[in-house]
Amino acid sequence: MGFPTILIKAVKGTRDLLPPSTAVWNHVEAVARAVFRTYNYHEIRTPILEETQLFARGVGEETDIVTKEMYTFTDRDETSLTLRPENTASVIRAYIEHRLDQRSGVQKLYYMGPMFRRERPQKGRYRQFFQIGAEAIGSESPAVDAEVIEMVLEVLERVGMSGFKLLLNSVGDHNCRPQFVERLRQELKAVSSQLCGDCQRRADTNPLRVLDCKVEADQPIIDRLPSMQDALCDPCRTHFTAVKQFLDDRGIAYEVRPRMVRGLDYYMRTTFEVVHGALGAQNSVLGGGRYDGLAESLGSKVHSPGIGFSIGEDRLVMAVEDAHKPVPLDLFIAPLGEPALRHASVMARELRRAGLSVELVEARLKRAMELANKLGARFTLIVGENEMTAGRYALKNMSTGEQQELTRDEIAARLTVAVN
RNA sequence: GUGGGUGUAGCUCAGCUUGGUAGAGCGCCGGAUUGUGGUUCCGGUGGCCGAGGGUUCGAAUCCCUCCACCCACCCCA
């Protein structure tokens, strides 16, 4: 007593999702599942907790994600565990562990759920964030790349998003990329002193990132640096040309961004990203790409090339939320008095079983009507003594104000028609 | 990790320059007589003014320190 208890609040970078916003989340997820089904993708659920080694080897020892953003702790038996910062490595781990390569056909898997990265939070970026992703494993064909891209754009469109832009690139493979990076590193030695501070550092640690620099003053210098597009080896070039051809066939618009770089080491050949204007600085709604060497680097003896993407669900919801209208309540039942409440409760059960959303509150009628209105009820049913003895109940249409006396059966029939 | 901004009622904010211990709108609750909502009118509820310290007779207001949140860099979804 007297000592104010310190309020416990949500951990930094995490948040509570409340109604009516959760309806938008559910809608986005339902649309994604529906689209994935039509492309014959099936859900996979992997643990949120994995051995730290999985991400170190999968995502890349030197990436920002692994070096400074993971939630890692030592378990009681001394093994190092990590809250997943992304899900592709886990999916591939499961693919190898359960020998999914032995199943026939390309394995097409999708997932949705929380990921964790310990970054400084800002608009569209959280420490616990949600991704919806899919992976197609077991094919190197550029036709698969195009189909995956087509599918994810379908999700965006069906969810009501517009005004987005698809960015495309090829980052080469084990054969041509290391050579390119080395060449870039050499050329940067001559000019890095003229670049911004970040780029001077990147010139050493991650030369590819210099190409992606947004500092205005650096652009003329960056423009003169070699392009990955020109450095692609023949197989990579052929693959990329085919991907573009397949997209063109579908009438899918894209912009080739030779300088677009992705932050996960496993990407190879095709990479892509979708950006949207109204999201703040974190304007990337989804990112993805091919990862033909990932399975081997996780210990697979069979070559298991794959391609996938993941949507930033928080950002997608942010982009479509305003257009979403609240889910209405079908019926508000206003019983007058204790006997009426018992009677109405039974009626409510019947109507709910028939699929209607029903709220039931005993109160003075004026108060009940007020509540019905505030809850956005489409109809209100009044159950009083008169109604119970007559077997006919007053059903009021809340938008027109019109009211009629109906029997129980008539109410159910009338409502199911009106609601659909 | 680095910068900038903001912390006053459940929400959005005013008040701070020129110290005299709080206001608006919305929300919520109630009323305008009996079993009918939305509009209008009236009333009510609600805040240790982010926390701690300092200056002062007196601090939401001035000074210091911390904390939280937001935005941006970095990086990414």
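Just so you know, these numbers use all the heavy atoms, side chains as well, and skip hydrogens, waters and symmetry mates.
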**OP:** Compare side-chain N and O positions of A:Arg367 against OP1 and OP2 of B:rG35 and report whether any pair is under 4.0 Å apart.
**Re:** no

**OP:** Considering only atom C1', compute the distance from B:rU36 to B:rG44 and round it to an integer number of Å.
**Re:** 25 Å

Original post:
When rounded to the nearest Å, what value does the distance between C1' atoms of B:rA68 and B:rG30 take?
Top reply: 37 Å

**OP:** With a 3.5 angstrom cut-off on both distances, give the Watson-Crick or G-U wobble partner of B:rG7, or none if there isn't one.
**Re:** B:rC67

Considering only nitrogen or oxygen atoms on both sides, find all protein atoms under 3.5 Å from nucleotides 40-45 of chain B and state each distance.
none

Original post:
Looking only at atom P, what distance separates B:rC42 and B:rG25, rounded to whole Å?
Top reply: 10 Å

**OP:** Could you let me know what B:rG58 is paired to, Watson-Crick or G-U wobble, both distances under 3.5 Å, or none if it's on its own?
**Re:** none

Original post:
Quick one: are A:Asn386 and A:Arg392 in side-chain contact, heavy atoms under 4.5 Å?
Top reply: no

Original post:
Which one is paired to B:rA24, where only Watson-Crick or G-U wobble pairs with both distances under 3.5 angstrom count?
Top reply: B:rU12

Subject >> C1' gap between B:rG52 and B:rC71, integer Å >> reply: 27 Å

Original post:
Among residues 24-57 of chain A, which contact RNA chain B at a heavy-atom distance under 4.0 Å?
Top reply: none

**OP:** Kindly say whether A:Pro85 contributes a backbone atom to a donor-acceptor pair with the side chain of A:Arg117 at under 3.5 angstrom?
**Re:** yes

Subject >> NZ/NE/NH1/NH2 to OD/OE distance under 4.0 Å, A:Glu43 and A:Arg33 >> reply: yes

